[in-house]
Amino acid sequence: MNDTISKAALNFSDKTPAVDLPVYGGTIGPDAIDMRSLYSQSGKLSYDPGFMATASCHSAISYIDGEKGELLYRGYPIEQLATTCDYMDTCFLLLKGELPTAEEKTEFEKNVADNAMVHEQMQFFFRGFRRDAHPMSILVAIVGALSSFYHDSLDINDPAHREMAAQRLLAHMPTLVAMSYKYSIGQPFVYPRKDLYYTANFMRMMFSTPAEDYKINDVLVRALDRILILHADHEQNASTTTVRLAGSSGANPFACVSAGIACLWGPAHGGANEAALNMIKSIGSVDNVADFVKSVKDPENQSRLMGFGHRVYKNIDPRATLMRETCHEVLNELGLNNDPMFKIALEIERVALEDDYFVSRQLYPNVDFYSGIVQSALGMPTNFFTGIFALARTVGWIAQWKEMISDPEQRIGRPRQLYVGEPRRDVPPRGK
Ligand code: ACO
């Protein structure tokens, strides 16, 4: 599967003989040293907490060049996809490897629309939650629970089952996120409509009531669609790695995506958009920005500038640039050009990008810095931002899970450890 392009020799300062390891080249990006025979050859393990220098798989789905600030889905730059394609094109591309023809797209969208309605029994799951439950806690549970509804798509070794599970997850997510919202505000659930585009349908399920139908605004639909495109996949990030790890044991795709949602919830990952908006709100005014930025630089202070920094991007996140543009469009459309949140965000960006602390650590705004402002302007409640991220990322999780299942090199993910506990010792005599 991988072509060896060179060899790496690893020398030890103790008596362990040197080890030769194959080096593989990808299409673009860094080469990777195959460490799999390290232990059998040397009795030693590689140590890499946080996977700072570890490629956990080979993948053909998305690619990030962190130095350049470049993101590709199946080779296409995110800027081109975000300006010329919609989310359904993007989903098709991520799942199948190529952009759809007009006929393929019509059929794909029809399949998704046909599967958008969830089992009626699902509403009883919702009713078991407190009304003030965090939407991510509901989504973790409800997506995992889908596996108890679909026994006909749980055989991970059957490609037809995998396809069906993929369709269902993609189609159900907007309905489930919207149901979580409706439940939280005590409004009746809104059923999906087949005649509407995916994102417009989601907005209608969020905001329509039996008393008043939601008026679809194309600019706002396009803005949310862009959020979905920008969040659709991001190579081996924490939640995708979680999905792959869960899937490596043979767990069903609904359980795996549920695990991904749990990981995404954390404030260092998908929870950052909610945290970034809360941070901007707490700053309160442009005049307080400088003091706030100063406070996050203090090593004694555990707080961070949310929406800044990224494990891989050491340049501006290309999604942040697109999101800033969308932010302008949405605020214009809604007549909110003087939105104080946006002004604070622009000022934070200006102050941080001139500050040596951020520049020297290569900390730039990431996509979440602006997505919270956009979502808030669209009427999305703050605690639903991460749920919308989960909705967008579901297609990436499924594409990555499917790629892993059909990879002949796939094995259960089972890291080792550097043990630093007590060496073997005997239990002392114990009184009765
Ligand atoms: N604000 C202030 N300082 C920061 C920030 C930040 N947002 N991010 C990193 N730093 C500092 C660290 O304190 C550290 O400084 P030091 O060298 O003096 O100790 C240095 O930069 C390196 O930080 P690490 O934590 O080692 O970087 P890592 O790659 O592990 O973390 C992460 C990346 C988690 C994204 C981090 O930058 C962060 O917490 N950012 C804020 C949360 C956020 O926006 N997350 C969204 C990620 S994008 C996404 O999920 C869609």
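Below, all heavy atoms of this structure are taken into account, side chains as well, without hydrogens, waters or symmetry copies. Source: prediction; values computed, not measured.
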Item to check | Short side-chain donor-acceptor distance under 3.5 Å, D34 and Y24 | outcome: yes
Checklist entry - Are H119 and F125 close enough that their ring centres sit under 6.0 Å apart? => result no
Checklist entry - With a 4.5 Å limit on heavy-atom distance, are the side chains of V296 and R304 in contact? => result no
Item to check | CA sep, side-chain torsions, deciding dist, call: R222, E329, salt bridge (Lys or Arg N to Asp or Glu O under 4.0 Å) | outcome: CA-CA 10 Å; R222 183 72 204 142; E329 278 165 22; over 6 Å; no
Checklist entry - So, N273 side chain and G372 main chain: donor-acceptor pair closer than 3.5 Å or not? => result no
Checklist entry - Are E347 and K343 close enough for a salt bridge, meaning some N to O gap below 4.0 Å? => result no
Checklist entry - For S153 and R168, what are the C-alpha separation, side-chain angles and deciding distance, and is it a side-chain hydrogen bond (donor to acceptor under 3.5 Å, both in side chains)? => result CA-CA 9 Å; S153 57; R168 282 175 171 152; 3.0 Å; yes
Item to check | I373 side chain near M323 side chain, heavy-atom distance below 4.5 Å | outcome: no
Item to check | Note, F51 side chain near Q236 side chain (heavy atom, < 4.5 Å) | outcome: no
Item to check | N/O donor-acceptor pair under 3.5 Å between R244 side chain and S56 backbone | outcome: no
Checklist entry - Is there a side-chain contact between F369 and D317, using heavy atoms and a 4.5 Å cut-off? => result no
Next on the checklist: With heavy-atom distances below 4.5 Å as the criterion, would you say the side chains of I348 and I283 are in contact?
Outcome noted: yes
Checklist entry - Should the ring pair F358 and F308 be called parallel, tilted or perpendicular, given that the plane angle runs from 0 to 90° and is split at 30 and 60? => result perpendicular
Checklist entry - With a cut-off of 6.0 Å (strictly less than), are more than 12 heavy atoms of other residues, nucleotides or ligands near OH of Y419? => result yes
Checklist entry - Roughly how far, to the nearest 0.5 Å, is the CD atom of Q400 from the OG atom of S62? => result 5.5 Å
Checklist entry - Is it true that D114 and K110 make a salt bridge, defined as a side-chain N closer than 4.0 Å to a carboxylate O? => result yes
Item to check | Test ring-ring contact (aromatic ring centres under 6.0 Å, His included) applied to H231 and F389, Y87, W397, the passing residue | outcome: F389
Checklist entry - What pairs meet the side chain to side chain donor-acceptor pair (under 3.5 Å) rule with one or both residues in residues 71-84, with sequence neighbours excluded? => result none
Checklist entry - Would L418 and L45 count as a side-chain contact (heavy atoms from CB on, under 4.5 Å) if you check the C-alpha gap in whole Å, the side-chain angles of each, and the deciding distance to 0.1 Å? => result CA-CA 8 Å; L418 182 64; L45 299 169; over 6 Å; no
Checklist entry - What closest approach, in Å, do I344 and V286 show between heavy atoms, and which atom pair accounts for it? => result CG1-N, 3.8 Å
Checklist entry - Quick one: are W401 and R162 in side-chain contact, heavy atoms under 4.5 Å? => result yes
Item to check | Flag, side chain of N301 to backbone of S295, donor-acceptor distance under 3.5 Å | outcome: yes
Checklist entry - Taking atom OG of S376 and atom CG of D339, what is their separation to the nearest 0.5 Å? => result 7.5 Å
Item to check | Salt bridge R36-E409, side-chain N to carboxylate O under 4.0 Å | outcome: yes
Item to check | Test side-chain hydrogen bond (donor to acceptor under 3.5 Å, both in side chains) applied to H172 - qualifying residues, sequence neighbours left out | outcome: Y150
Item to check | Contact check, side chains of S148 and F254, non-hydrogen atoms, under 4.5 Å | outcome: no
Item to check | Side-chain touch Y198/P174, heavy atoms, less than 4.5 angstrom | outcome: yes
Next on the checklist: ring pair (Phe, Tyr, Trp, His ring centres under 6.0 Å) for Y183 and F129? Distances and angles first, verdict last.
Outcome noted: CA-CA 9 Å; Y183 184 73; F129 286 97; 7.4 Å; no
Checklist outcome for this item: Rounding to 0.5 Å, atoms CD (E274) and CG (N383) come to a distance of 6.0 Å
Checklist entry - Is there a donor-acceptor pair closer than 3.5 Å between any side-chain N or O of N252 and the backbone N or O of L154? => result no
Checklist entry - Rounded to the nearest 0.5 Å, how far apart are CG of L277 and CE of M306? => result 12.0 Å
Next on the checklist: One pair to check against side-chain contact (heavy atoms from CB on, under 4.5 Å): L228 and I388. What are the steps and the verdict?
Outcome noted: CA-CA 8 Å; L228 300 187; I388 288 161; 4.2 Å; yes
Item to check | Exercise: do E403 and S59 side chains pair donor with acceptor under 3.5 Å | outcome: yes
Checklist entry - Should the ring pair H234 and Y313 be called parallel, tilted or perpendicular, given that the plane angle runs from 0 to 90° and is split at 30 and 60? => result tilted
Checklist entry - When you look at M173 and F202, which way does the side-chain contact (heavy atoms from CB on, under 4.5 Å) test go after all the steps? => result CA-CA 9 Å; M173 277 305 278; F202 170 61; over 6 Å; no
Item to check | Any pair counted as salt bridge (Lys or Arg N to Asp or Glu O under 4.0 Å), so long as it reaches residues 83-96, sequence neighbours left out | outcome: D86-K105, D89-K105, K96-E163
Item to check | R226 and E325: CA distance, side-chain angles, deciding distance, side-chain contact (heavy atoms from CB on, under 4.5 Å) verdict | outcome: CA-CA 11 Å; R226 182 176 272 193; E325 188 183 291; 3.0 Å; yes
Checklist entry - Under the criterion side-chain hydrogen bond (donor to acceptor under 3.5 Å, both in side chains), which of D233, T241, T240 is the partner of N237? => result T240
